[in-house]
Structure formats: C-alpha cells, structure tokens
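A short worksheet on the structure shown next.
What you see below is based on every heavy atom in this structure, not just the backbone, and it leaves out hydrogens, waters and symmetry mates.
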Amino acid sequence: MHFDKLRILEEVLGNNYRSSDEHLFFCPFCKHHKRKMSVNISKNTYKCWICDSRGKSIYTLVRRFGNHFQRQKWQSFEESVNISEFDNIFEEKEEETIQRISLPKEFISLANKNLSLTASAPLNYLRKRGINSADILKWKIGYCEDGEYRNRIIIPSFNRDGNCNYFVARTWAKDWLTYKNPPASKNVVFNELMINWDEPIVLVEGIFDAIVADNSIPLLGSTLNTHSRLFRAILTHSKRVYVALDQDAEKKALSIISELISHGIEIYKIDTSGYEDVGEMTKEEFTERKESAIAFDSNALLIQKILQI
C-alpha cells in the first residue's frame, strides 16, 4: 500500500527523493524551487519547511491537487476517510507559542560600568575562558550572586523580536551541577536576534563555543532534531552551514550533516581535533580552521561513515 500511495503522490506532486522515512516533494502551496515538502506516508503527515503548510492527512494534498480518479484511488486504500468537505483545504497550521521567559530576579549585568566587588569572581572566570569585555557586551552576559542561580554566569538568548526566550546558567564555583537550565523548552534558535541569515552559519555544541565562532548557533547539546525550530529555520533561511562539533561527537556530527545534505543545504565540516571543544580555541584559530573547512557531499559523507565503522 505504501508503494501504491507513493505512486499517486508522484502523479500529483511530481518527482521526489527519499530521506529516512520521508519523501521530499516540491511544495504545491509556496512552489519553492527546491523539494521542501516532507511527506511521511507511514505517519500520514506532511509539512513544508518553507511556508510551514502542514497536515495530519496526506489525502488533503490529493484532494486539493489531484484529479477525481486519483482521489478515488487513494480512498480505496483507506478503510475510512473522515475528512469533511468543510475542512480548511490548506489544513490549519498548528499554533506555535512564542516562548518568553524572564531572567532571574537576582541577575546582574556584567556590562555595567560600575560593578560591585562580587563581580570579580565571574569576571575572572570569563577572562580565563578568553572572554573579553566586548564579548560580555555583545552577549549581554551577567551573573547571580544569590538565589536559585547563585554563583552562576548567566548568558541570555533573545528571539528575533528581542524577547528573552532562554538562558544558560553556568557555575564558576565548584557546584556539582555545572549547568542549571531554566524551566523552559530548549526548542529555540539561541540568540536569533544576533544571527545574520544572509551569511553562512556555524553550528556548535555549547554557548561558550558560540562566543568563539562568529555567526554561530549553539545546539545546547550535540544533536539537531528535524522537528525543531532551529532545523526549520536553517532550511528556510540558510544556504551554507558549517558544522563544528567536539571530536567525541563525530557520529552525531555526521548524522546532522547527512540530514542537512538530504535537504539540499551546502555543508562544510570544521576540524576541531586537538581541542576538547571549540570554546578552548582562540577566535583567530577558529577562523583559520573555518577557512580550511572541508566541503561535504553525499560521497564524502559515505566515506566518513565507512571510516567510523
């Protein structure tokens, strides 16, 4: 049945290519020049990564863009089709709430001119990590001397409208918990306010890596969920992506590269060997490695995967 339904979709939407469990078609709604309509026949869902048209019944596409014979054929494969003719033909988009959070009430900005003596400890920690006053001002870094985030560096994230949507809290003391996350979702494009989508972006793991790498976005981990806001933003806005994950996350880096290549993104992989993470590099060293980064295509990816076996 999967194959029969795919045949109908090919008649309706045209040629496609497969990526994992999904088939990528040209979107009939926005008519983007690349195949950005993802269809999962098994889950009976579709979604365009550009215009965000989506639905929980592929029959909606067949009904809207197919002919009478194709609609009848599709319905014959399903035991029941409970789709009202009064349903919105474009399928309502799932409401995505815009996350906004507040910084800790004890937050003290380190970009202030007049700082108390309590600022010496976080400032010393940042200097040891190669972070200067310009970085502090750019990233709006602060700290907490009391409260839930006591003795922690606070680095906030702002969405494209300038609202705080997340923050990272890293201890400079010997707290057993190195990072303490706020009670909020990580599904954000960290500091999108500072990202220039007209330029290539760099994907790194952590926030201190991002401070070293210009125009970069921290994954806040080592994976990239294909259903995340970041993944959709990359497919929508970015043409070239540099991947700079730690050496111990090589397989995860290749997984991210594979997924982005399958969606038509130009990929370069930055060599991070010799360092525990990007944050240990100087900005000059990182720039040199970025300039000598290796372009990845399907063949290069296959060779790297074989070497990992």
Side-chain angles (χ1 to χ4, degrees), residues 110 122-123 125-143 152-159 165-172 177-182 186-197 199-225 228-231 233-234 238 240-257 259-260 265 267-294 296:
L110 285 169
L123 285 173
Y125 172 81
L126 292 173
R127 291 192 187 103
K128 289 178 181 178
R129 298 204 65 150
I131 296 172
N132 57 35
S133 57
D135 296 323
I136 291 172
L137 181 62
K138 177 181 178 180
W139 288 85
K140 300 175 177 57
I141 301 175
Y143 73 103
R152 291 181 180 274
I153 299 288
I154 307 294
I155 305 178
S157 165
F158 298 93
N159 64 21
N165 58 5
Y166 199 75
F167 64 82
V168 170
R170 208 280 185 197
T171 182
W172 71 73
L177 191 63
T178 304
Y179 287 92
K180 186 176 179 63
N181 297 327
K186 284 185 177 182
N187 187 19
V188 298
V189 181
F190 199 97
N191 251 344
E192 188 174 9
L193 182 65
M194 298 198 308
I195 297 300
N196 180 0
W197 290 108
E199 296 293 327
I201 65 165
V202 182
L203 295 180
V204 295
E205 291 191 37
I207 185 63
F208 291 100
D209 301 331
I211 294 175
V212 170
D214 189 43
N215 206 40
S216 62
I217 303 174
L219 298 173
L220 302 179
S222 56
T223 59
L224 177 59
N225 191 317
S228 65
R229 283 184 169 89
L230 175 55
F231 190 81
I234 291 172
S238 189
R240 179 186 296 179
V241 173
Y242 289 81
V243 177
L245 269 57
D246 303 348
Q247 281 290 291
D248 61 3
E250 184 69 11
K251 288 185 178 180
K252 292 180 180 179
L254 294 178
S255 177
I256 292 172
I257 290 171
E259 200 65 55
L260 292 175
I265 302 297
I267 298 293
Y268 288 78
K269 186 173 183 295
I270 297 175
D271 176 21
T272 60
S273 61
Y275 293 90
E276 187 173 331
D277 54 47
V278 171
E280 289 188 347
M281 298 184 191
T282 64
K283 293 178 182 178
E284 293 74 20
E285 171 66 17
F286 182 81
T287 299
E288 290 178 8
R289 295 203 175 197
K290 181 181 176 183
E291 290 174 351
S292 60
I294 301 172
F296 258 67

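- Two residues are said to be in side-chain contact when any heavy atoms from C-beta on lie closer than 4.5 Å; Ile257 and Lys269 meet this criterion.
- Taking OG of Ser238 as the start and CD1 of Ile267 as the end, the distance is 8.0 Å to the nearest 0.5 Å.
- Asp277 contributes atom CG, which lies 5.0 Å from atom CG of Asp209 (distance to the nearest 0.5 angstrom).
- Among all heavy-atom pairs drawn from Ala293 and Tyr268, the shortest one is O-CD2, 3.8 Å.
- Counting heavy atoms from C-beta on, the side chains of Val212 and Glu285 never come closer than 4.5 Å.
- Remark: Ile153 CD1 to Tyr143 OH distance equals 9.5 Å, nearest 0.5 Å.
- In this structure, Asn181 and Lys186 approach most closely via the heavy-atom pair ND2-CE, 3.6 Å.
- Among all heavy-atom pairs drawn from Glu205 and Asp246, the shortest one is OE2-N, 2.8 Å.
- At a threshold of 4.5 Å between non-hydrogen side-chain atoms, the residues Ile256 and Phe231 do not count as touching.
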Step by step, work out the side-chain contact (heavy atoms from CB on, under 4.5 Å) result for Val202 and Lys290. CA-CA 9 Å; Val202 182; Lys290 181 181 176 183; 4.0 Å; yes

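- The backbone N or O of Leu245 sits less than 3.5 Å from a side-chain atom of Thr272, completing a donor-acceptor pair.
- Side chain of Ser216 to main chain of Ala210: a donor-acceptor pair is present (N/O by atom type, distance under 3.5 Å, no hydrogens or angles).
- Between the CZ atom of Arg229 and the CD atom of Glu192 there is a distance of 10.0 Å, given to the nearest 0.5 Å.
- In this structure the side chain of Leu219 reaches within 4.5 angstrom of the side chain of Leu203, judged on heavy atoms.
- When each of Asn159, Leu193, Val189 is tested with Asn165 by the rule side chain to side chain contact (heavy atoms under 4.5 Å, CB included), just one qualifies, namely Asn159.
- The nearest pair of heavy atoms linking Ile265 to Ile234 is CD1-O, 4.1 Å.
- Side-chain atoms of Leu220 and Val168, non-hydrogen and from C-beta on, do get closer than 4.5 Å to each other.
- Within the 4.5 Å cutoff, the side chain of Arg170 has heavy atoms near those of the Thr178 side chain.
- In this structure, NZ in Lys140 is found 13.0 Å from CD1 in Ile136, a value given to the nearest 0.5 Å.
- By the side-chain hydrogen bond (donor to acceptor under 3.5 Å, both in side chains) test, Glu280 pairs with no residue at all, sequence neighbours left out.
- For Asp271, the side-chain hydrogen bond (donor to acceptor under 3.5 Å, both in side chains) partners two or more places apart in sequence, or in a different chain, are Ser273.
- Two residues are said to be in side-chain contact when any heavy atoms from C-beta on lie closer than 4.5 Å; Val278 and Ile270 fail this criterion.
- For the pair Ile207/Trp139, a side-chain contact is recorded, criterion being any heavy-atom separation below 4.5 Å from C-beta on.
- In Lys252, the NZ atom is not crowded: 12 or fewer heavy atoms of neighbouring residues, nucleotides or ligands sit closer than 6.0 Å.
- Considering Ile141, Leu137, Ile131 as possible partners of Leu110, the one that fulfils the side chain to side chain contact (heavy atoms under 4.5 Å, CB included) test is Ile141.
- The existence of a salt bridge linking Lys283 and Asp135 is confirmed by a sub-4.0 Å separation between a basic side-chain nitrogen and an acidic carboxylate oxygen.
- Not counting sequence neighbours, Tyr125 has no partner by the ring-ring contact (aromatic ring centres under 6.0 Å, His included) test.
- Atom OH of Tyr179 is separated from atom CZ of Arg152 by 10.0 Å, given to the nearest 0.5 angstrom.
- The main-chain N or O of Asn196 is found under 3.5 Å from a side-chain atom of Asn215 such that the two form a donor-acceptor pair.
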